[in-house]
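Side chains included, hydrogens not; waters and symmetry mates left out as well; all remaining heavy atoms used. Order of appearance sets the numbers: ligands from 1, and atoms from 1 within every ligand.
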Amino acid sequence: MPPVETAQAHESKLYSELSYLYDIVFTRIFCDRIQATIRSLNIEPSAKILEVGVGTGLSFEAYPSHCQVTGIDLAPDMLDKARDKISRNGWRHLRVLEMDALNMKFEDNFFDYAMAFHVVSVVPDAERLMREVTRVTKPGARIIIINHFRSRNRVLAFLDRLMEPITRKLGWHTLSLEQVISGVPFKAEKVYKTGRRSLFTIVVGRNTK
Ligand SMILES: C[S@@+](CC[C@H](N)C(=O)[O-])C[C@H]1O[C@@H](n2cnc3c(N)ncnc32)[C@H](O)[C@@H]1O
């Protein structure tokens with residue numbers, strides 16, 4: 001594992017440079033899936049929720065006001081947009097902080113839920129992200145990942161590899177789900193897609209530490 005200080009934030013720079021376009025491009029692609037997933041969890045009152053790589057806060061509308069949500073991200077411009085949504089809507093149950101998800105400042109066993117939407121393939125070390133997520137969440141906490149993973153279908157996996165030089169330039173790399181969760185105290189309880197052709201997989205699991 002590389003030392004904590006070497007965590008690179010290059011992706012964050014990319015998202016800062018493009019933050020003004022983010023909602024225009026990705027609301028349509030990501031928003032419904034993220035929000036339906038959160039709503040399906042029936043989050044209980046007072047639950048403490050962490051969202052890593054929260055970006056501009058496409059998820060925000062789905063969180064019930066009876067929970068406490070902390071979103072973190074490295075990109076100040078993305079966070080400005082998230083803060084703007086929070087203040088425009090008067091959401092008192094949401095806050096966002098500038099923080100590296102690979103080196104979080106939270107104490108161990110603090111959160112009841114953690115969300116990682118479209119971020120495991122953006123950070124330079126997904127396993128380390130998951131180790132941090134399992135450290136700061138309680139034993140048994142629910143952990144939800146939404147991402148595009150390398151397909152098990154050989155043709156689709158080949159296409160993923162073909163696209164890799166382009167996607168790397170855009171700041172993400174395609175991993176298999178196994179690469180993300182291996183060696184981490186996490187059990188995937190439900191893995192599904194919202195449509196047969198969807199590129200994105202929803203993983204609902206638990207911290208098993
Ligand atoms: C593809 S965006 C996803 C944003 C949001 N989760 C969504 O689904 O719309 C990836 C986000 O991860 C953030 N990010 C990248 N590396 C990070 C890190 N080490 N710690 C925290 N956030 C990070 C980026 O700044 C960016 O906002």
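Contacts between H118 and ligand 1 below 4.0 angstrom, taking non-hydrogen atoms only, involve backbone and side chain alike. Contacts with ligand 1 closer than 4.0 Å are made by side-chain heavy atoms of V122 only, the backbone lying farther away. Of all the heavy atoms of Y22, the ones lying under 4.0 Å from any atom of ligand 1 belong exclusively to the side chain.
In this structure, F30 has its ring center closer than 6.0 angstrom to the ring center of F200. The ring of F111 has its center closer than 6.0 angstrom to the ring center of F106.
Applying the side chain to side chain contact (heavy atoms under 4.5 Å, CB included) test between M115 and each of I49, I146, T37 identifies I49 as the sole match. For the side chain to side chain donor-acceptor pair (under 3.5 Å) criterion with K209, the lone passing option out of D108, T137, N109 is N109.
Smallest separation of non-hydrogen atoms from L175 and A126: CD1-CB, 3.7 Å.
Those atoms of ligand 1 that come under 4.0 Å of a heavy atom in V54, given as number and element, are 5 (C). If you number the atoms of ligand 1 from 1 as listed, the ones under 4.0 Å from a heavy atom of D100 come out as 18 (C), 19 (N), 20 (N). Using a 4.0 Å cut-off to heavy atoms of L58, the atoms of ligand 1 that qualify are 9 (O). Taking every heavy atom of F117 and a limit of under 4.0 angstrom, the matching atoms of ligand 1 come to 3 (C), 5 (C), 6 (N), 8 (O). Numbered from 1 in the order shown, with element, the atoms of ligand 1 that lie under 4.0 Å from a heavy atom of G55 read 4 (C), 27 (O). Atoms of ligand 1 found under 4.0 Å from any heavy atom of I34 (numbered from 1 in listed order, with element): 8 (O). Less than 4.0 angstrom separates some heavy atom of V119 from each of these atoms of ligand 1: 12 (O). Counting the atoms of ligand 1 from 1 in the order shown, those under 4.0 Å from a heavy atom of A101 are 18 (C), 19 (N), 20 (N), 21 (C).
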(request) Before giving the answer on side-chain contact (heavy atoms from CB on, under 4.5 Å), spell out for E127 and V180 the whole-Å C-alpha distance, their side-chain angles and the decisive distance to 0.1 Å. (result) CA-CA 5 Å; E127 194 191 320; V180 174; over 6 Å; no
Expected list for residues 59-66: side-chain donor-acceptor pairs under 3.5 angstrom, two or more places apart:
residue : atom : partner : partner atom : Å
S59     : OG   : E51     : OE1          : 2.6
S59     : OG   : E51     : OE2          : 3.4
Y63     : OH   : E51     : OE1          : 2.6
H66     : NE2  : I43     : O            : 2.7

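The shell of residues lying under 4.0 angstrom from ligand 1, judged by heavy atoms, includes D73. Every heavy atom of M115 sits 4.0 Å or more from the atoms of ligand 1.
Proximity of a side-chain donor or acceptor of D112 to a complementary backbone N or O of A47 within less than 3.5 Å is not detected.
Atom CD1 of I34 is separated from atom CZ of R39 by 11.5 Å, given to the nearest 0.5 angstrom.
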